[in-house]
Peer 1: 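Sharing a structure with you now.
Keep in mind that the numbers below use all heavy atoms, side chains included, and drop hydrogens, waters and symmetry copies. Proteins come first, then strands; the chains are lettered A, B, ... in the order of their sequence lines, and each starts at number 1.
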2 protein chains.
Amino acid sequence: MSKSDSTRYGDSLAFLLSQLGAQSAAMFAQQIAPTGVTPRQFALLSHLAVGGPKSQQQLADLLGIHRNNMVDLVDAMEGADLVERVRDQVDRRAFEIHPTAEGMAAVAQINALVPALDAEIAGQLSVKQRHALIDTLRGLADHLGLDAAVHPSVAGRQRSKP
Amino acid sequence: MSKSDSTRYGDSLAFLLSQLGAQSAAMFAQQIAPTGVTPRQFALLSHLAVGGPKSQQQLADLLGIHRNNMVDLVDAMEGADLVERVRDQVDRRAFEIHPTAEGMAAVAQINALVPALDAEIAGQLSVKQRHALIDTLRGLADHLGLDAAVHPSVAGRQRSKP
DNA sequence: TATTGTTATACTCTATAACTATA
DNA sequence: TATAGTTATAGAGTATAACAATA
């Protein structure tokens with residue numbers, strides 16, 4: 001029997017990734033906490049910043065959460081002047097969610113925090129090594145079919161298919 | 001300005017790690033679900049398997065959860081015949097939590113699932129590349145002060161210091 | 001007085017069903 | 001009838017305080 005047959009979970013790639021992933025997500029949440037924007041709110045704003053206004057239903061699909069849970073999320077963000085609800089004139093059932101100037105500024109502000117966070121996580125890796133690592137990880141993410149735009153930890157656990 | 005100054009979170013090391021970490025944790029939970037053992041229960045059993053019997057308080061510290069929450073966890077595991085409570089004869093306030101034969105078998109059974117899980121995550125990486133990746137990730141984990149024995153995602157969010 | 005395990009309560013997050021208004 | 005948004009309720013998971021038994 002080779003050594004790899006006796007791999008314990010604590011020594012595995014799966015464990016290391018989940019451990020580092022949880023830590024990275026926690027560090028990101030802590031870094032952006034002073035802005036008053038939660039990771040999920042940031043994910044929503046990022047979609048608006050890149051793809052333009054979207055309905056609550058569309059955003060729910062993009063974030064991997066349920067339509068119902070969008071209500072409180074948008075309520076909170078509207079209350080914080082990060083987005084505004086605009087009645088869709090074509091389909092008057094729906095709202096278009098528009099980012100405010102403040103919302104767009106928050107996205108830029110948070111994206112500006114990313115290089116320092118990455119440097120903290122990368123530790124003593126050289127720039128070359130860090131980019132090689134990012135390429136490798138992106139390959140794994142692609143192979144697993146992970147959407148480059150969706151942060152899985154902002155979504156719930158398992159959702160039943162409709 | 002170089003390109004790295006305009007890094008968006010979606011392109012960052014932090015995002016990739018949290019995305020892959022959440023996916024890895026979900027895959028692990030799904031793989032072990034048929035055994036009826038939850039990731040947190042597996043973490044507890046792993047500590048017993050490696051370090052021998054421990055009190056609920058000690059296990060709570062190791063798992064990064066609160067003493068109070070150990071009660072239901074041990075209740076459920078005792079009900080599933082994975083562990084048993086043995087009154088500590090030296091300190092009669094405490095229980096020694098002992099793994100049962102069934103509990104030890106579950107640990108072995110779950111550890112045996114790890115190589116296939118790692119292979120699924122590693123995708124088309126060569127064995128050499130996979131080991132290089134694991135070494136790199138372990139270096140990051142060490143640098144971030146992550147305990148090799150503790151799975152952060154089994155712990156709660158932030159706990160206030162007593 | 002401090003600690004182990006326990007119970008009870010509250011708060012957050014999420015899942016589900018049912019309602020309204022539009023289509 | 002189907003869909004977008006809403007509301008209400010229930011269920012996990014966790015945090016906090018307080019209690020009994022023991023140290």
Peer 1: Phe95(B) has an atom CZ; how far is it from atom P of dT22(D), in whole Å?
Peer 2: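 Atom-to-atom, Phe95(B) to dT22(D), this comes out as 11 Å.
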Peer 1: Does the side chain of Leu44(B) reach to within under 4.5 Å of the side chain of Leu82(B), using non-hydrogen atoms?
Peer 2: no
Peer 1: Would you say that Gln129(B) contacts Leu133(B) through its side chain, given a criterion of any heavy-atom pair below 4.5 Å between the two side chains?
Peer 2: no
Peer 1: Name all pairs fulfilling the salt bridge (Lys or Arg N to Asp or Glu O under 4.0 Å) condition that reach into residues 78-87 of chain A, sequence neighbours left out, sorted by first residue then second.
Peer 2: Asp75(A)-Arg85(A), Glu78(A)-Arg85(A)
Peer 1: Taking only side-chain nitrogens and oxygens of Gln58(A), does any of them come within less than 4.0 Å of OP1 or OP2 of dA4(D)?
Peer 2: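 Gln58(A) to dA4(D) OP1/OP2: no side-chain N or O under 4.0 Å.
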Peer 1: Does Gln57(A) make a side-chain N or O approach to OP1 or OP2 of dA4(D) shorter than 4.0 Å?
Peer 2: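 So the side chain of Gln57(A) is within the cut-off, an N or O lying under 4.0 Å from OP1 or OP2 of dA4(D).
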Peer 1: Could you state the NZ-C1' distance from Lys54(B) to dT4(C), rounded to the nearest angstrom?
Peer 2: 17 Å
Peer 1: Between Ser18(A) and Tyr9(A), is there a side-chain heavy-atom distance shorter than 4.5 Å?
Peer 2: yes
Peer 1: Counting only pairs under 3.5 Å, give me each side-chain donor-acceptor contact of residues 24-33 of chain A, with atom names and distances, residues two or more places apart or in other chains.
Peer 2:
| residue | atom | partner | partner atom | Å |
| --- | --- | --- | --- | --- |
| Ser24(A) | OG | Leu20(A) | O | 2.9 |

Peer 1: How close or far is atom P of dT16(C) from atom CG of Asn69(A), stated in whole angstroms?
Peer 2: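 From Asn69(A) CG to dT16(C) P: 11 Å.
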Peer 1: Given atom CD of Glu84(A) and atom P of dG5(D), what is their separation to the nearest angstrom?
Peer 2: 16 Å
Peer 1: Spell out protein contact along nucleotides 18-23 of chain C as letters: B when the base is contacted, S when just the sugar-phosphate is, - when no protein heavy atom is under 4.0 Å; keep the 5' to 3' order.
Peer 2: ---BBS
Peer 1: Using a heavy-atom distance cut-off of less than 4.0 Å, which residues of residues 70-78 of chain A contact DNA chain D?
Peer 2: Val71(A)
Peer 1: Quickly work out the Arg85(B) CZ to dT4(C) P distance and round it to whole Å.
Peer 2: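 For the pair Arg85(B) CZ and dT4(C) P, the rounded distance is 15 Å.
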Peer 1: Please tabulate, for the side chains in residues 112-120 of chain B, all donor-acceptor contacts under 3.5 angstrom to protein atoms that are two or more places apart in sequence or on a different chain.
Peer 2:
| residue | atom | partner | partner atom | Å |
| --- | --- | --- | --- | --- |
| Asp118(B) | OD1 | Leu13(A) | N | 3.3 |
| Asp118(B) | OD1 | Ala14(A) | N | 3.0 |
| Asp118(B) | OD2 | Leu13(A) | N | 2.7 |

Peer 1: Measure CG/Leu63(A) against P/dC13(C) and give the value in whole Å, please.
Peer 2: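 From Leu63(A) CG to dC13(C) P: 15 Å.
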Peer 1: Would you mind reading off the distance between Ile65(B) atom CD1 and dG13(D) atom C1', rounded to a whole angstrom?
Peer 2: 11 Å
Peer 1: Do the non-hydrogen side-chain atoms of Asp88(B) and Glu96(B) ever get within less than 4.5 Å of each other?
Peer 2: yes
Peer 1: Counting distance only, does the side-chain N/O of Ser55(B) pair as donor-acceptor with the main-chain N or O of Phe95(B) below 3.5 Å?
Peer 2: no
Peer 1: Applying side chain to side chain donor-acceptor pair (under 3.5 Å), name anything that partners Asn68(A), two or more places apart in sequence or on another chain.
Peer 2: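 His66(A).
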Peer 1: Whole Å only: how far is the CD atom of Glu96(B) from the P atom of dG5(C)?
Peer 2: 11 Å
